[in-house]
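First the structure, in the form of structure tokens, and then the observations on it.
Proteins come first, then strands; the chains are lettered A, B, ... in the order of their sequence lines, and each starts at number 1.
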Amino acid sequence: MLQLATLRNNTELVKERLAVKNFKEINLVDDIIALDDERRKLTFGYDETKAKINAASKEIGQFMSMGQKEEAASRKKDVESYKNALNPIQENLEAVEKQLNDLLIRLPNLPSDLVPKGKTPEDNEIVRTGGTKPELYKGAVPHWDLAKKYDLIDFELGNKVTGSGFPFYKGKGAKLQRALIQYFLEFNTQAGYTEYMPPLMVNEASAYGTGQLPDKEGQMYHVTVDNLYLIPTAEVPVTNIYRDVILKEADLPVKLTAYTPCFRREAGSYGKDVRGLNRLHQFDKVEVVQLVHPDKSYETLEEMVAHVEKLIQTLGLHYRILRLCGGDMSFTSALTYDFEVYSAAQEKWLEVSSVSNFEAYQTNRMKIRYKDANGKSQLVHSLNGSSLALPRILAALLENNQDENGIKLPVALQGYFGGEMI
RNA sequence: GGUGAGGUGGAUGAGUGGCUGAAAUCAACGGUUUGCUAAACCGUCGUAGGGCCUUAAAGCUCUACCGAGGGUUCGAAUCCCUCCCUCACCGCCA
């Protein structure tokens, strides 16, 4: 969530930035500041009254030990009247604090200056395009046909055993998944990321920390008997490792990577967009997360974009990088770059990575801080990105590299896969 | 899942109703000493939210926090209740 100090000190700027994100309830900003004024007033009253009670209690103890019962009894009466005054203040204060928090979490992160204005995906800015557009041979088919032809993925079997959106990978298909995961993790750890293998379910506090709750509750699978959520991305458990932690400045940057399956309910999706591997309820992804000094986060964002770009290049895919416009970026992000690869047989761009700087929006919720040179605690900035999401990469690899002899794998993968061709 | 013992600051650990926001030790940080390192010595050393003061920083002061939430009491780390977690043993088990 945004910091109160930001709202108070830069009120007009905050409103302008929120408008870029097409946020409708700009008046919330003023409401929040008014509530905070109220909170301060009540806090002042509460603290003063409580101080009187504490002082009187101390005196009572002294009177008692000296055997001055009457004085003690008289001070007890005072305490009683202080308490009568305190109760309504306390109730008000609790109500105001709750309300303040409820409003505060409804404000999205502020988009950075670099975010293009706009409302829909058409308004996203294409930063650059790379790789070469593949030329397909005449008999080229989409990946779902290739999956069947080479017996790589069984969608129907997934329907039978679980439901749609939960495919079985099989034979060389399964092996290729394993090779991709292994390759991506190697690529990340060699760039200095520490590998984790996190739990696949998280508690409420963690889901709240990264912003999945309370807004996107419907997007996660909820195990109600134990009140746990299946993770929609490794970002959730991995970023929460540092929840409520105060780091040393020398510990920064913290660089983390993890492979996990990801679970998404994606209610409301339909049609050709969900065909084959394009959109699944369970898919595999390797994620990278960084916690960095606030002065460095945009530099780090560029570094992460370059990292993901290099990885995609080694796979020989035709790709483009988009800078998301205000209307298309996520609630919690300040600046997001999406990576799309070209899926030649579908003739479609598929999103395979999303790299974002959240600045202090997530870390304010999670209280991830560092101690600066003056010994003061400051929020770190958090960033994350996919490096990479597997299904759509797989789709593009299969489609773009097919010919009459089979599917030729990029050199970078051959060692991990143990062969050149499918 | 059952029984028992516990959860105190970065770590160990003292603290069973007021003098405890918390001893002591270790770690960490700053300094003195010193060819270097080590040792010794001195000092600092939780977080958050208010108020005063200040251009600001600093400083002063108040409030809250000893797993979480409630309760008893003039007063709770300390007593009571609920929940969570850890450890030990038993049961079950990849």
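Of the candidate nucleotides B:A48, B:G46, B:G49, B:G46 has the atom lying nearest to any side-chain atom of A:Lys371. Here the nucleotide nearest the side chain of A:Phe44, chosen from B:C74, B:G51, B:U63, is B:G51.
Counting only residues at least two apart or on different chains, the salt bridge (charged side-chain N to carboxylate O under 4.0 Å, His left out) pairs with a member in residues 285-301 of chain A are A:Lys285-A:Glu287. Screening residues 62-76 of chain A for salt bridge (charged side-chain N to carboxylate O under 4.0 Å, His left out) gives A:Glu59-A:Arg75, A:Arg75-A:Asp78 as the qualifying pairs, with residues at least two apart or on separate chains. Applying the salt bridge (charged side-chain N to carboxylate O under 4.0 Å, His left out) test to residues at least two apart or on different chains, none of the pairs has a partner in residues 186-208 of chain A. Applying the ring-ring contact (aromatic ring centres under 6.0 Å, His included) test to pairs two or more places apart or on separate chains, those with a residue in residues 295-315 of chain A are A:Phe187-A:His307, A:Tyr193-A:His307. Counting only residues at least two apart or on different chains, the ring-ring contact (aromatic ring centres under 6.0 Å, His included) pairs with a member in residues 205-247 of chain A are A:His222-A:Tyr229.
Side-chain N/O atoms of A:Arg39 include none lying less than 4.0 angstrom from OP1 or OP2 on B:G49. Contact check, A:Ser377 against B:A48: a side-chain N or O comes under 4.0 Å of OP1 or OP2.
With salt bridges taken as basic N to acidic carboxylate O contacts below 4.0 Å, one links A:Arg106 and A:Glu25. One finds a salt bridge joining A:Asp36 and A:Arg40 here, because a Lys/Arg side-chain nitrogen approaches an Asp/Glu carboxylate oxygen to under 4.0 Å.
A straight line from CG of A:Leu42 to C1' of B:G50 spans 12 Å, rounded to a whole angstrom. Distance CD1 (A:Ile53) to C1' (B:G18): 16 Å, rounded to an integer number of Å. In this entry the distance linking CG of A:Leu379 with C1' of B:U47 reads 13 Å, nearest Å. We find that CD of A:Glu204 is positioned 13 Å from C1' of B:C84, with the value rounded to whole Å. The CD1 atom of A:Ile246 sits 13 Å away from the P atom of B:G9 (whole-angstrom rounding). The NZ atom of A:Lys52 sits 21 Å away from the P atom of B:G50 (whole-angstrom rounding). Between A:Gln90 atom CD and B:A64 atom C1' there is a gap of 11 Å when expressed in whole angstrom units. Rounded to an integer number of Å, the gap from CG of A:Asp37 to C1' of B:G51 is 15 Å.
Of the residues in residues 62-86 of chain A, A:Lys76, A:Val79, A:Lys83 come within less than 4.0 Å of RNA chain B through at least one heavy atom, sorted by number. Contacts between residues 237-245 of chain A and RNA chain B, counted as heavy-atom distances below 4.0 Å, involve no residue at all.
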Kindly list each side-chain donor-acceptor pair under 3.5 angstrom involving residues 384-398 of chain A, sequence neighbours excluded, with atom names and distances?
| unit_1 | atom_1 | unit_2 | atom_2 | d |
| --- | --- | --- | --- | --- |
| A:Asn384 | ND2 | A:Glu235 | OE1 | 3.2 |
| A:Asn384 | ND2 | A:Glu235 | OE2 | 3.3 |
| A:Ser386 | OG | A:Ser354 | N | 3.3 |
| A:Ser387 | OG | A:Asn188 | OD1 | 2.9 |
| A:Ser387 | OG | A:Asn188 | ND2 | 3.4 |
| A:Arg392 | NE | A:Asn278 | O | 2.8 |
| A:Arg392 | NH1 | A:Glu351 | O | 2.8 |
| A:Arg392 | NH2 | A:Asn278 | O | 2.8 |

Can you give each donor-acceptor pair under 3.5 Å made by side-chain atoms of residues 42-51 of chain A, sequence neighbours left out, with the distance rounded to 0.1 Å?
| unit_1 | atom_1 | unit_2 | atom_2 | d |
| --- | --- | --- | --- | --- |
| A:Thr43 | OG1 | A:Arg39 | O | 2.7 |
| A:Thr49 | OG1 | A:Gly45 | O | 2.7 |

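Atom name C1', nucleotides B:A38 and B:U33: the rounded distance is 13 Å, in whole Å. The gap from the C1' atom of B:U61 to that of B:G21 amounts to 16 Å, rounded to the nearest Å. To the nearest whole angstrom, the two C1' atoms, one in B:U16 and one in B:U78, are 5 Å apart. Atom P of B:C36 sits at a distance of 15 Å from the matching atom of B:G31, rounded to the whole Å. Here, B:A77 and B:G7 have their C1' atoms 12 Å apart, quoted to the whole Å.
Using N1 to N3 plus N6-O4 or O6-N4 for Watson-Crick, or N1-O2 and O6-N3 for G-U wobble, each under 3.5 Å, B:U32 pairs with B:A40. Applying the Watson-Crick and G-U wobble criteria (two distances, each under 3.5 Å), B:G59 pairs with B:C52. Across the strands present, B:G18 finds its partner in B:C74; the criterion is a Watson-Crick or G-U wobble pair with both atom distances under 3.5 angstrom. Nucleotide B:U3 has B:A88 as its partner under the Watson-Crick or G-U criteria, with both atom distances under 3.5 Å. Nucleotide B:C65: paired with B:G46 (Watson-Crick or G-U wobble, both distances less than 3.5 Å). Here B:C26 sits opposite B:G10 as a Watson-Crick or G-U wobble pair (both hydrogen-bonding atom distances under 3.5 Å). When both pairing distances are held under 3.5 Å, B:A94 makes no Watson-Crick or G-U pair with any nucleotide shown.
Looking at residues two or more places apart in sequence or on another chain, you find no side chain to side chain donor-acceptor pair (under 3.5 Å) involving A:Lys21. Contacts of A:Lys148 classified as side chain to side chain contact (heavy atoms under 4.5 Å, CB included), with partners at least two apart in sequence or in another chain: A:Glu156.
At a threshold of 4.0 angstrom between heavy atoms, the contacts of A:Lys41 with the nucleic acid are absent.
RNA chain B is contacted by both A:Arg40 and A:Lys248; A:Lys248 maps to the nucleotide lying nearer its 5′ end (nearest heavy atom per residue). Nearest-nucleotide assignment on RNA chain B puts the 5′-proximal partner with A:Gly61, out of A:Gly61 and A:Asp36.
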For nucleotides 53-62 of chain B, give me every protein contact, N/O to N/O, under 3.5 Å, one pair per line with atom names.
none

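Aromatic pair A:His293/A:Tyr370: ring centres closer than 6.0 Å.
A donor-acceptor pair shorter than 3.5 Å can be found between the side chains of A:Ser333 and A:Thr336. Under the 3.5 Å distance criterion, with hydrogens and angles disregarded, no donor-acceptor pair is assigned to the side chains of A:Gln362 and A:Thr210.
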